[in-house]
Amino acid sequence: MERTHTCGQLRAADAGREATLMGWVNRRRSLGGLIFIDLRDREGITQVVFNPSISAAAHSLAEEMRPEYVVAVHGVVRLRPEGASNANLATGEVELEATQAEVLNPAKTPPFYINEDAEIDEPLRLRYRYLDLRRAKVKNNILFRHRVVKYIRDWLDKRGFVEIETPILVKETPGGAREFLVPSRIQQGSFYALPQSPQQFKQILMVAGFDKYFQIARCFRDEDLRADRQPEFTQLDMEMSFVDQENVLQITESLLTDLVESLGTHRLLAKPFPRLTYDEAMAKYGSDKPDLRFGLEIVDISDLAGASEFKVFQAALATGGQVKALRAPGLGHYSRRELDELVQFAQNRGAKGLMTVELAEGGPKSPLTKFMTAGQMDRLAQLLNAQRGDLILIVADRPDVVAEALGQLRLEVGRRLNFMDPNLLAFAWVLQMPLLEWNDQEGHWQSKHHQFTMPMDEDLHLLDTAPQRVRAKQYDVVCNGTEVGGGSIRIHRRELQEKIFRLIGMSDEEARGMFGHMLEAFEYGTPPHGGIAPGIDRLVMLLSGAENIREVIPFPKTQSGVDLLTGAPSPVTRRRLADLGLTLLPEAARTAWQSDNP
RNA sequence: GGAGGCGUGGUGUAGCGGCCUAACAUGCAGCCCUGUCAAGGCUGAGAUCGCGGGUUCGAAUCCCGUCGCUUCCGCCA
């Protein structure tokens, strides 16, 4: 038998023709005489009916079929009898009346349901991922991911972008994420790294003249996993020559907008995407990746707090800190216990404490009433635009602590009040980030993004005098509180690049050793260039409403970095290690070495 | 490295010191059934409660340890 149709294909118009379907038994319903089988493949489900008076042989074979058996069925497409069609199936108006059947391969009873959408123990799903991937929800995520990537490829191709592959075995790059290392057998004692991104290669492609490049690039980072982080993930890596920041923002925004409007079922909150400065995002939302699906902006109440008698506020302000507040609409009825929960929440995120003010019927209820006048209390409510029944949360601390604590509290309040509309996509740009940050441990500046990022033209003169005030031509695109992608205009002149290397504590020798090829390349006619790299996994997550990144990756790893399907990573023999010139350090020696060499 | 949550027939859950000889649903097996589609009906098999130790007259239940998964913090240029 040869397959003529998929299980999602047959329609009323096909009635009367012969067809052969192959697929998996999704369900079997035996009525004794008649047997119905829902046959499933990637494309859909078609009902097959086995009638002993049509084919006794096929019917008796159907008696033996069980869920997940792989079978082939030949027969005639029939319109279903009056009232027997199934509106839930695309093929529901017809059925295949079997004249001939074959079991291509029987199947054991699967360890979990393929044909139902149930919550299943995740390790079990991952161990039997090939079964998990048969389930509608996971399968659809993977198929959707294909459509997203295909859309992106076509969109960029149409606009003159060239897809180019870059190496996976690359040179180790200092700074940034920890890289995976791959020992070289031929060069004993030397190692390749797996790329955390194709950064250097895409810049070099610009030098080479491929002025619009993209790649669906696998990236690797040897860091701990999260709900939205896997050790290997995929980025849409893009780079363009002869562009400045505005061009990159335009083209990225246009791509994302078209993508969402063509493939998504979501509503874009704002078009064009709002643009926030980094300082603004941190001040108003306590985050460099704010969730803009709801307001609840953080308000600076330092002046008011300074005028109060509350020592904690005064102490914070005296040491360069700030006092900021957040309004939690309608939570003014919270009990002692519920308030304690929020205090604990803030403390878990670094705050020393959390001051609460409940705007109750009889007036504000708060420990602060002892330290503030009634007028000051009114002023507080006024600053926050708070009404009776609201709760005000106040944190006094260093600016970074205040931002983190109130930023997280803002999200928590948003969650509790159901402000996070899952049908909404609130994209935004975060711009003008600081180029550098001070590394206290090592006593020098370090790049906040990466060392190839171009400073803003108007801040170039500050590099020598006030490096902390230099802003970068860097941009992050964020959506619903996650960072979807980031990029920058790059440095394309050797002198400036060398200056940055020196600023971040690299000697000229070190710089030449690690990035000599880049510096050299810049001397052979390098166009101004820049790019961006949206995360494909996170985009697909957002667009498909997946709860975590593992739902949109066919073969993901667990939080401890294990692939439960294949068992990677696995120990290797001493012989294999010897081939690479390696030995394993005993546990004790390893710990000792680590503590001696921090 | 740290904090929290979870772990009970194949699967999803209930039980949270003695009523547990562990319940329910589903799946699985057998039988009946010619218009079902989460088919239906009847019958049956199936778990010493992640693992180890402790408390107790008595532990799925309490305590300690450990393993796995997960969420978060640190980390993620």
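Protein chains get the first letters and strands the later ones, always in sequence-line order, with residue 1 at the start of each. None of the values given here were measured: they were computed from a predicted structure.
- Counting atom types as modelled, A:Arg221 pairs no side-chain N or O with a base atom of B:rC75 as donor and acceptor under 3.5 Å.
- One donor-acceptor pair, N or O on each side, does fall under 3.5 Å between the base of B:rG74 and the side chain of A:Arg226.
- In this structure, A:Ala84 reaches the bases: a heavy-atom distance under 4.0 Å links it to at least one base atom across the strands shown.
- Comparing A:Ala227 and A:Gln196 by the nucleotide of RNA chain B whose heavy atom lies nearest to each, the residue mapping closer to the 5' end is A:Ala227.
- Of the possible polar contacts, one joining the A:Gln215 side chain to the A:Thr166 backbone as a donor-acceptor pair under 3.5 Å is found.
- Counting any heavy atom pair closer than 4.0 Å across all strands shown, A:Ser197 reaches a base atom.
- Put simply, CG on A:Leu96 is 16 Å from C1' on B:rG35, counting in whole angstrom units.
- Considering only the side chain of A:Glu223, B:rC75 comes nearest among B:rU71, B:rC75, B:rG35.
- Nearest to the side chain of A:Val562, among B:rU71, B:rC37, B:rC69, sits B:rC69.
- Judged purely by atom type and a 3.5 angstrom limit, A:Glu483 has no side-chain atom pairing as donor or acceptor with the backbone of A:Val477.
- Each of A:Glu437 and A:Gly32 has a nearest nucleotide on RNA chain B; the 5'-most of these lies closest to A:Gly32.
- Remark: A:Arg349 is positioned above the aromatic ring of A:Phe345, its terminal NZ or CZ atom under 6.0 angstrom from the ring centre and at most 45 degrees off the axis.
- Nucleotides B:rC16 and B:rA60 are separated by 13 Å at their P atoms, to the nearest Å.
- Computed from coordinates, the A:Arg127 CZ to B:rG10 P distance equals 13 Å when rounded to whole Å.
- Screening A:His450, A:Glu179, A:Arg178 for a side-chain hydrogen bond (donor to acceptor under 3.5 Å, both in side chains) with A:Gln196, the sole residue that qualifies is A:Glu179.
- Here A:Glu547 lies out of heavy-atom contact (under 4.0 Å) with every strand.
- B:rC37 atom C1' lies 20 Å from atom CZ of A:Arg78, rounded to whole Å.
- Rounded to whole Å, the P atom of B:rC76 lies 39 Å from the corresponding atom of B:rU11.
- Stacking between A:Phe36 and the base of B:rU36 is present: ring centres sit under 5.5 Å apart and the planes differ by under 30 degrees.
- Put simply, the side chain of A:Asp224 and the base of B:rG74 share a donor and an acceptor less than 3.5 Å apart.
- Comparing the C1' positions of B:rG54 and B:rA45 gives an interatomic distance of 36 Å, to the nearest angstrom.
- Here the P atom of nucleotide B:rG35 and the CD atom of A:Glu93 are 21 Å apart, to the nearest Å.
- In this structure, A:Asp38 places its CG atom 17 Å from P of B:rG35, rounding to the nearest Å.
- Straight-line distance between the C1' atoms of B:rG65 and B:rU71: roughly 23 Å, to the nearest whole Å.
- For B:rU13 and B:rG7, the C1' atoms lie 13 Å apart once the distance is rounded to whole Å.
- Without hydrogens or angle criteria, A:Asp132 side chain to A:Arg135 main chain gives no donor-acceptor distance under 3.5 Å.
- A:Arg512 places no side-chain N or O within donor-acceptor distance of the main-chain N or O of A:Gly516, the cut-off being under 3.5 Å.
- Checking B:rA14 for Watson-Crick or G-U wobble geometry (two distances, each under 3.5 Å) identifies no partner in any strand.
- As judged by a 4.0 angstrom heavy-atom cut-off over every strand, A:Pro111 is placed among residues touching the sugar-phosphate backbone only.
- In this structure, A:Asp228 places its CG atom 13 Å from C1' of B:rC75, rounding to the nearest Å.
- Atom name P, nucleotides B:rC62 and B:rC49: the rounded distance is 15 Å, in whole Å.
- Atoms CG (A:Leu89) and C1' (B:rA39) sit 14 Å apart, rounded to a whole Å.
- Base contact: A:Asn51 has a heavy atom under 4.0 Å from a base atom.
- Residue A:Ser560 places at least one side-chain N or O closer than 4.0 Å to OP1 or OP2 of B:rC69.
- The side chain of A:Ser30 lies closest to B:rC33, out of B:rC33, B:rU34, B:rG35.
- With A:Lys557 contributing its side chain and A:Gln230 its backbone, the two residues share no donor-acceptor pair below 3.5 Å.
- In a base pair of the Watson-Crick type (N1 to N3 plus N6-O4 or O6-N4) or a G-U wobble (N1-O2 and O6-N3), with each distance short of 3.5 Å, B:rC69 is matched with B:rG5.
- Inspection of the A:Gln199 and A:Gln203 side chains reveals an N or O donor paired with an N or O acceptor under 3.5 Å.
- Nearest to the side chain of A:Arg550, among B:rU71, B:rC69, B:rG35, sits B:rU71.
- Of all nucleotides listed (B:rG35, B:rU11, B:rU70), B:rU70 comes nearest to the side chain of A:Gln559.
- A:Leu31 is listed as a side-chain neighbour of A:Phe36, based on a closest heavy-atom distance under 4.5 Å.
- B:rC51 and B:rU8 are spaced 10 Å apart, taking the P atom of each and rounding to whole Å.
- Between the side chain of A:Arg415 and the main chain of A:Met420, no donor-acceptor pair closer than 3.5 Å is present.
- Comparing the C1' positions of B:rG46 and B:rC24 gives an interatomic distance of 15 Å, to the nearest angstrom.
- The distance between the ring centers of A:Phe220 and A:Phe233 does not fall below 6.0 angstrom.
- Here A:Leu124 lies in heavy-atom contact (under 4.0 Å) with sugar-phosphate atoms only.
- The residue A:Leu31 sits close to a base: some heavy atom pair falls under 4.0 Å.
- OP1 or OP2 of B:rU36 has not a single side-chain nitrogen or oxygen of A:Arg29 nearer than 4.0 Å.
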* Structure fact -> Readout for nucleotides 22-28 of chain B: B = base within 4.0 Å of protein heavy atom, S = sugar-phosphate only, - = neither; 5' to 3' it is ----BSS

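- Across all strands, A:Ser85 comes closer than 4.0 Å to base atoms (heavy-atom distances).
- Atom CG of A:Leu411 is separated from atom C1' of B:rC73 by 15 Å (rounded to the nearest Å).
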